[in-house]
Number of protein chains: 2
Amino acid sequence: MSEGGQSLRERRRVETQRMIQAHAMRLFAEHGYDATTVNQIAHAAGVSSMTVYRHFPTKEDLVLHDGYDPLIASRVAARPAGEPLVRRIGRTLVETTRDVLGPAAGDRPSPERELLLARLRLMIDTPALRARHLDSQYATQRAIVGALLGEAPDPEAEFRVWVAAGACLAAMHVALTRWAREDGRADLPGLIAAALGAAFGEEFGRDSGGELGEGAGGDAAGGSGRDAGEAAG
Amino acid sequence: MSEGGQSLRERRRVETQRMIQAHAMRLFAEHGYDATTVNQIAHAAGVSSMTVYRHFPTKEDLVLHDGYDPLIASRVAARPAGEPLVRRIGRTLVETTRDVLGPAAGDRPSPERELLLARLRLMIDTPALRARHLDSQYATQRAIVGALLGEAPDPEAEFRVWVAAGACLAAMHVALTRWAREDGRADLPGLIAAALGAAFGEEFGRDSGGELGEGAGGDAAGGSGRDAGEAAG
DNA sequence: CTCAAACTGTTAGTGACTAACAGGACGATA
DNA sequence: TATCGTCCTGTTAGTCACTAACAGTTTGAG
C-alpha cells in the first residue's frame with residue numbers, strides 16, 4: 001500500500017532507510033544496542049556513517065522510528081465528539097492497535113507484530129532507548145491533544161485533554177510492556193483494553209456488543225478487568 | 001534537615017555535590033543546557049571534570065537529581081490498604097507535594113520551590129532532559145509498585161498497580177508542566193489534585209471533609225492559566 | 001603511628017554527532 | 001542529446017559526553 005506514485009529519488013530514499021534500519025535492528029538483536037556502533041551498522045549496510053545520520057538523526061531513531069502518531073491523531077478526531085474524553089482516546093488506542101497488528105489476534109507471526117516486538121524488547125531494557133521511547137510517547141500525547149483541540153482555545157478544556165491523553169497512554173504503556181515481556185503471546189488490543197479498564201473502571205474492549213468475550217487477552221490480564229481494584233498489598 | 005550524623009567524609013561529599021549542582025544549574029540557566037559543557041561546570045566549581053562524573057553519572061543527572069522516590073514510596077505504603085488504588089496513589093502524590101513545597105501555598109519563594117521550578121523549566125524544553133525526566137518518572141512508578149507489592153506476587157494485581165501508578169503519574173506530569181509554564185503562580189498540590197480529578201472523576205483535594213471545595217484545584221486549572229493558549233494551533 | 005579505603009587529578013581513548021567541502025546521480029529544460 | 005541546478009553520498013576534521021587506568025593525597029580506624 002502506498003508504495004508508488006513518488007519520484008524515483010523518493011523511492012530510493014525510502015528503500016535506503018528501510019535497508020539501514022533492517023541491518024540496525026538485526027545487529028541490535030545480535031549484539032545488543034549499546035555494543036553496536038553506528039559505524040558497524042553503516043558498514044553492514046554498505047554505506048558511510050554520515051549516510052546513516054542523514055536518514056536517522058540519532059542512533060536511537062533507528063529503533064524508535066514509527067509513523068503511528070498521525071494515524072492515532074486522525075482516528076481520535078474521527079470519533080464522536082460527544083464521547084467522554086477517556087473513552088474516546090482509549091478506544092482509539094485499542095482499535096488502532098488492532099488494525100495495525102492485523103485483524104486476527106492469532107499466534108501467526110505477522111511482520112508488523114515481530115518488528116513491534118523487537119523494538120519494544122529493546123526499548124524496555126535499554127535505558128537510553130526507554131527514555132527516548134517515553135519521550136516519543138509524549139509526542140503522541142501532543143498529537144492527540146492537537147487533534148482534539150483544533151479550534152478550542154479554552155485552557156481548562158486543554159488541561160483536561162492533556163490529562164486524559166497522558167493517563168490513557170500511560171495505561172497503554174503498561175500493556176505494551178507486559179505484552180513484550182510475554183513475547184507477544186497475549187492479545188495486545190485486549191491487554192490495552194484491560195489496562196484502560198483497570199485505570200478508569202470502564203469497558204474498552206468492544207465498541208458495542210462484546211461478543212468476543214475474553215478470548216486471548218483476558219487470560220494474560222486477568223478476566224475482563226472490570227473491577228478497578230481494591231489495593232492488594 | 002538531617003544534615004549531621006554522618007561522618008566527615010559523608011558531609012564533604014554531600015557538600016561537594018551541592019556545590020557542583022549549584023554551579024551547574026546557574027550555568028544552565030545562564031547559557032542553556034546544551035551550550036554548557038561539563039568542563040565549564042567543573043571549572044566553575046573548581047574541580048576536574050572527572051570529579052563531576054564521579055558525583056553525577058551523567059550530565060543530565062545534574063538536573064534530574066532528586067530524592068523524592070523513596071519518600072513517595074514510603075508514604076503510599078503507609079496509607080490505608082483498603083483504599084482504592086488510584087485514590088491511594090493520587091492522594092499520596094498531592095500530599096507529598098504539599099509537604100515538600102512547604103505548608104503554605106502562598107507566593108513567597110521557598111528555595112525548594114525555586115529549585116523545582118528551575119529544574120522543571122529545563123526539563124520541559126530540553127529534549128534530552130525531557131526524555132530522561134520521563135524515564136525518572138518511570139522509576140518513580142517502579143518505586144510505587146514496589147512499595148505496594150511487597151509480598152503479593154499476584155500478576156493480575158501487579159498489573160493493576162502498574163496501571164494505576166502510571167496513570168496517576170501521567171496526570172501529575174501534566175500538572176507539573178502547566179505549573180512550570182505558569183512560573184509557579186498556581187498552587188501545585190491543587191493543580192495535581194485537579195488533574196487527578198479530571199482523569200478519574202474523583203476528589204483528590206483534601207483528605208476527608210472537603211471544606212475548601214474546588215477553590216484551589218478548579219481555579220488553578222482553569223482561571224489562572226492565562227497564557228496557555230499557544231499549544232492549540 | 002600505620003595502613004587500608006576513599007577522594008581527586010591526569011592522561012588516553014571510544015563513540016555519538018556536526019560542519020564543511022567535493023564528487024556523482026538524478027530530473028527538468030533548451 | 002547536452003546543460004544545469006538539486007539532491008545524495010563520502011571524506012575529513014573536529015567537539016563533547018563518557019570511561020578506564022594509573023598516581024598522589026586525605027581520611028578514619030586500629
Side-chain angles (χ1 to χ4, degrees), chain A residues 4-21 23-25 27-28 30-65 122-123 126-133 135, chain B residues 4-21 23-25 27-28 31-65 122-123 126-133 135-136:
Chain A
Q6 308 293 357
S7 68
L8 192 144
R9 268 184 186 154
E10 197 77 19
R11 261 176 295 164
R12 273 171 102 98
R13 181 167 185 81
V14 174
E15 183 73 16
T16 307
Q17 280 195 11
R18 247 206 279 274
M19 196 237 310
I20 293 174
Q21 194 177 28
H23 281 283
M25 289 301 296
L27 291 174
F28 290 158
E30 285 177 8
H31 311 109
Y33 177 81
D34 290 320
T36 306
T37 72
V38 175
N39 272 323
Q40 292 170 357
I41 297 169
H43 187 265
V47 296
S48 80
S49 61
M50 269 308 298
T51 300
V52 176
Y53 283 118
R54 287 203 178 96
H55 285 274
F56 300 90
T58 72
K59 181 183 174 187
E60 292 140 4
D61 288 310
L62 285 164
V63 180
L64 295 169
H65 182 68
L122 282 174
M123 295 188 300
T126 304
L129 283 177
R130 191 180 51 216
R132 283 293 309 268
H133 171 55
D135 192 53
Chain B
Q6 306 293 358
S7 67
L8 191 143
R9 267 187 187 155
E10 198 77 20
R11 260 176 297 165
R12 274 171 100 98
R13 180 166 187 82
V14 173
E15 182 73 17
T16 307
Q17 280 194 10
R18 250 205 278 271
M19 193 237 309
I20 293 174
Q21 195 177 26
H23 282 283
M25 289 300 296
L27 291 175
F28 290 157
H31 310 110
Y33 178 81
D34 290 320
T36 306
T37 72
V38 175
N39 271 324
Q40 292 170 356
I41 297 169
H43 187 264
V47 297
S48 79
S49 60
M50 268 310 298
T51 301
V52 177
Y53 284 118
R54 288 201 177 95
H55 286 274
F56 300 90
T58 72
K59 182 184 175 186
E60 293 140 4
D61 287 311
L62 284 163
V63 180
L64 296 168
H65 184 67
L122 282 174
M123 294 188 302
T126 304
L129 283 176
R130 190 180 53 215
R132 280 295 307 267
H133 171 55
D135 193 53
S136 90

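Hydrogens, waters and symmetry mates are skipped; everything else that's a heavy atom, side chains included, is used. Lettering of chains follows the sequences in order, A, B, ..., and the numbering in each one begins at 1.
Distance CG (A/D34) to P (C/dA16): 9 Å, rounded to an integer number of Å. Distance, A/N39 CG to D/dT11 C1': 13 Å, rounded to whole Å. The separation between B/I41 atom CD1 and D/dC18 atom P is 10 Å, rounded to whole Å. What separates CG of A/L27 from C1' of C/dG15 is a distance of 16 Å, to the nearest Å. Between the C1' atom of D/dA17 and the NE2 atom of B/H43 lies a distance of 19 Å, rounded to the nearest Å. Distance A/Y33 OH to C/dA16 C1': 9 Å, rounded to the nearest Å. A/L62 has its CG atom 9 Å from the P atom of C/dC17, to the nearest Å. Rounded to whole angstrom, the span from the CD1 atom of B/I20 across to the P atom of C/dC7 amounts to 12 Å.
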side-chain contact (heavy atoms from CB on, under 4.5 Å) between B/F28 and B/T126, intermediate numbers included: CA-CA 11 Å; B/F28 290 157; B/T126 304; over 6 Å; no
Please test A/R132 against A/V63 for side-chain contact (heavy atoms from CB on, under 4.5 Å), starting from the C-alpha separation and ending with a verdict. CA-CA 10 Å; A/R132 283 293 309 268; A/V63 180; over 6 Å; no
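Under 4.0 angstrom from either OP1 or OP2 of C/dC7 there lies no side-chain N or O belonging to B/H55.
Across every non-hydrogen atom of B/T36 and B/Q40, the tightest pair is CA-OE1, 3.5 Å.
Using a 4.0 Å heavy-atom distance criterion, B/S49 is classed as making no nucleic acid contact. Within the nucleic acid shown, A/R13 comes within 4.0 Å of sugar-phosphate atoms alone, with no base atom in reach, counting heavy atoms only.
In this structure, B/M25 and B/L122 have side chains that are in contact, with non-hydrogen atoms separated by less than 4.5 Å. The shortest side-chain heavy-atom distance between B/H55 and B/D61 does not fall under the 4.5 Å cut-off. In this structure, the side chains of A/H23 and A/M19 come closer than 4.5 Å at one or more pairs of heavy atoms.
Within the cation-pi definition used here (under 6.0 Å to the ring centroid, within 45° of the axis), B/K59 qualifies as a partner of B/Y33.
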Under 4.0 Å protein heavy-atom contacts per nucleotide of nucleotides 24-30 of chain D, with B for base, S for backbone only and - for none: --BBS--
Please tabulate, one pair per line, each protein N/O and nucleotide N/O from nucleotides 11-13 of chain C that are separated by under 3.5 Å, including the distance.
none

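Nearest to the side chain of A/Y53, among C/dA16, D/dC18, D/dT11, sits C/dA16. Which of C/dA16, C/dT8, D/dC18 sits closest to the side chain of B/T16 comes down to C/dT8.
No donor-acceptor pair under 3.5 Å is formed between the side chain of A/E60 and the backbone N or O of A/L129.
Taking the six-membered ring for Trp and thresholds of 30 and 60 degrees, B/F56 and B/H65 have ring planes more than 60 degrees apart, a perpendicular arrangement.
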